[in-house]
Asks: 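One structure follows; several queries about it will come next.
Start at 1 and go down the list; that is how both ligands and their atoms are numbered. Hydrogens, waters and symmetry mates are skipped; everything else that's a heavy atom, side chains included, is used. All values reported here derive from a predicted model rather than from experimental measurement.
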Amino acid sequence: MFFQIPSFHLLKAKRIAVYSQQTETALKKKINVAIDGHSSCGKSTLAKALAKEFNYIYIDTGAMYRAMTLYALQNKLVDSEGAKEEKLVELLDKVYIAFKYNPKTLKVETYLNGANVEKEIRSMQVSKYVSPISTLKAVRQKLVRLQQRMAESNGVVMDGRDIGTVVLPGAELKFFMTAEAHIRAERRFKELKDRGIDIAFQEVLENVNSRDKIDSTREHDPLKQAEGAIVIDNSNLTLDEQFQFMLGHVKRVLENIPVV
Ligand code: DC
């Protein structure tokens, strides 16, 4: 005899199915996602969105190099002649960089020796000197160690230049993002204008080009595509297209991770 299940029971069965799917996901090991790529290609926007989607922690390693650069500028340890490496290395133990959530801005903000420097580290002055500071071996060693500790418990989306190659070579998923330099400079120019910063487009383009060059050719941990990284050239992609593409990859990797 045909037995019809009342809709209430169907609903309940559906709820149980969704619940067990969620429990299964929760029981799965969290993964680490590494996102590397050129300056100003939108890595942080996508990394933040992915982290939010999976309730993971987002770590902006560029902000850490920027905070270190601000420290060097504050202490007159870098100028157009270059960095005073020996002195900066001597002072490295006195540099504390941390991230804290600000419930007012709903954002995670960067702290340097206890002071909120989120705004200052995004200035053109810091952008100008951050690449030379990032070339210093001792600076990299200190920040890489800190980043590795932050990712120890997994569930992290980290963006930078050497994440898939040096910081988290064992990350379950790696992306390498790029876009044409001119397009990246246009995006950055618009962002700076929107923040009320008066700057010539040519200066932004030069900064993008010079950072690309220093980041990719430096001796220690240069920017390069990690083995197995998925390349995204977003010159002609919308944010949503990029997000959906990355989301698909995270889901694919999570589906193949065994339940613990
Ligand atoms: O992501 P960003 O543009 O805020 O990074 C600023 C600079 O920091 C970038 O030009 C190079 C450096 N950097 C690095 O050397 N290694 C990282 N993992 C992240 C950033």
Asks: Taking only heavy atoms of Val130, which atoms of ligand 1 are found under 4.0 Å from at least one of them?
Replies: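 Atoms satisfying the 4.0 Å criterion: 6 (C), 7 (C), 8 (O).
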Asks: Is there a donor-acceptor contact under 3.5 Å linking the side chains of Gln242 and Thr238?
Replies: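 No, no side-chain donor-acceptor pair sits under 3.5 Å.
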Asks: Taking 4.0 angstrom as the limit, do Arg140 and Asp221 come out as a salt bridge?
Replies: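 Salt bridge: yes.
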Asks: Arg122 to ligand 1: N or O pair under 3.5 Å?
Replies: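 Min N/O separation from ligand 1 is not below 3.5 Å for Arg122.
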Asks: Please determine whether the number of non-hydrogen atoms from other residues, nucleotides or ligands lying under 6.0 Å from atom NZ of Lys128 exceeds 12.
Replies: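 Counting other residues, nucleotides and ligands, NZ of Lys128 stays at 12 neighbours or fewer.
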Asks: Looking only at distances, please establish whether an N/O atom of ligand 1 is found under 3.5 Å from an N/O atom of Asp162.
Replies: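 It does: an N or O of Asp162 is found under 3.5 Å from an N or O of ligand 1.
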Asks: Counting only nitrogen or oxygen atoms and a 3.5 angstrom limit, does Arg140 reach ligand 1?
Replies: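 In this structure, Arg140 places an N or O atom under 3.5 Å from an N or O of ligand 1.
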Asks: Looking only at N/O atoms, are Asp215 and ligand 1 under 3.5 Å apart anywhere?
Replies: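 For ligand 1, there is an N or O atom that lies under 3.5 Å from one belonging to Asp215.
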Asks: What I want to know is whether Tyr65 and ligand 1 share at least one N or O pair that is separated by under 3.5 angstrom.
Replies: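 No, since none of the N or O atoms of Tyr65 sits under 3.5 Å from an N or O of ligand 1.
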Asks: Looking only at atom types and distance, does a side-chain atom of Asp215 sit under 3.5 Å from a main-chain N or O of Leu223, one as donor and one as acceptor?
Replies: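 Not at all, since once roles are kept as given, no pair shorter than 3.5 Å links the two residues.
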Asks: Give the atoms of ligand 1, by number and element, whose distance to some non-hydrogen atom of Ser131 is under 4.0 Å.
Replies: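 Here the atoms of ligand 1 in question are 10 (O).
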Asks: Please compare Met64, Gln147, Met158, Arg161 and report which has the shortest non-hydrogen distance to atom 14 (C) of ligand 1.
Replies: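 Considering heavy atoms of Met64, Gln147, Met158, Arg161, the nearest to atom 14 (C) of ligand 1 sits in Arg161.
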Asks: For residues Lys251 and Phe54, determine if any side-chain heavy atom of one lies less than 4.5 Å from a side-chain heavy atom of the other.
Replies: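 They are in contact (side-chain heavy atoms under 4.5 Å apart), so the answer is yes.
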Asks: Is it the case that atom CD1 in Ile230 sees more than 12 heavy atoms from other parts of the structure closer than 6.0 Å?
Replies: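 Counting neighbours around CD1 of Ile230, more than 12 heavy atoms of other residues, nucleotides or ligands fall under 6.0 Å, so yes.
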Asks: For atom 3 (O) of ligand 1, what's the nearest protein heavy-atom neighbour? Residue, atom name and distance, please.
Replies: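 The protein heavy atom lying closest is Arg211 NH1, 2.8 Å.
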Asks: Among protein heavy atoms, which lies nearest atom 19 (C) of ligand 1, and at what distance?
Replies: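 Of the protein heavy atoms, Thr61 OG1, 3.3 Å lies nearest.
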Asks: Which residue and non-hydrogen atom of the protein lie closest to atom 4 (O) of ligand 1, and at what distance in Å?
Replies: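 Residue, atom and distance for the closest contact: Arg66 NE, 2.7 Å.
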Asks: Whether Glu255 and Arg252 form a salt bridge (side-chain N of Lys/Arg under 4.0 Å from carboxylate O of Asp/Glu) is what I want to check.
Replies: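 The answer is no: the pair does not qualify as a salt bridge.
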Asks: State whether the side chain of Asn113 and the backbone N or O of Tyr96 hold a donor-acceptor pair below 3.5 Å, judged by distance alone.
Replies: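 Judged by distance alone, yes, a pair lies under 3.5 Å.
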Asks: What protein heavy atom sits nearest atom 12 (C) of ligand 1, and how far away is it?
Replies: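 For atom 12 (C) of ligand 1, the nearest protein heavy atom is Ser134 OG, 3.3 Å.
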Asks: Does the pair Asp233/Arg184 count as a salt bridge with the N-to-O cut at 4.0 Å?
Replies: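 Not counted as a salt bridge, because no side-chain N and carboxylate O are separated by less than 4.0 Å.
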Asks: If hydrogens are left out, which of His220, Arg188, Arg218 has an atom nearest to atom 15 (O) of ligand 1, that is, the closest non-hydrogen atom?
Replies: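 Nearest heavy atom to atom 15 (O) of ligand 1 lies in Arg218.
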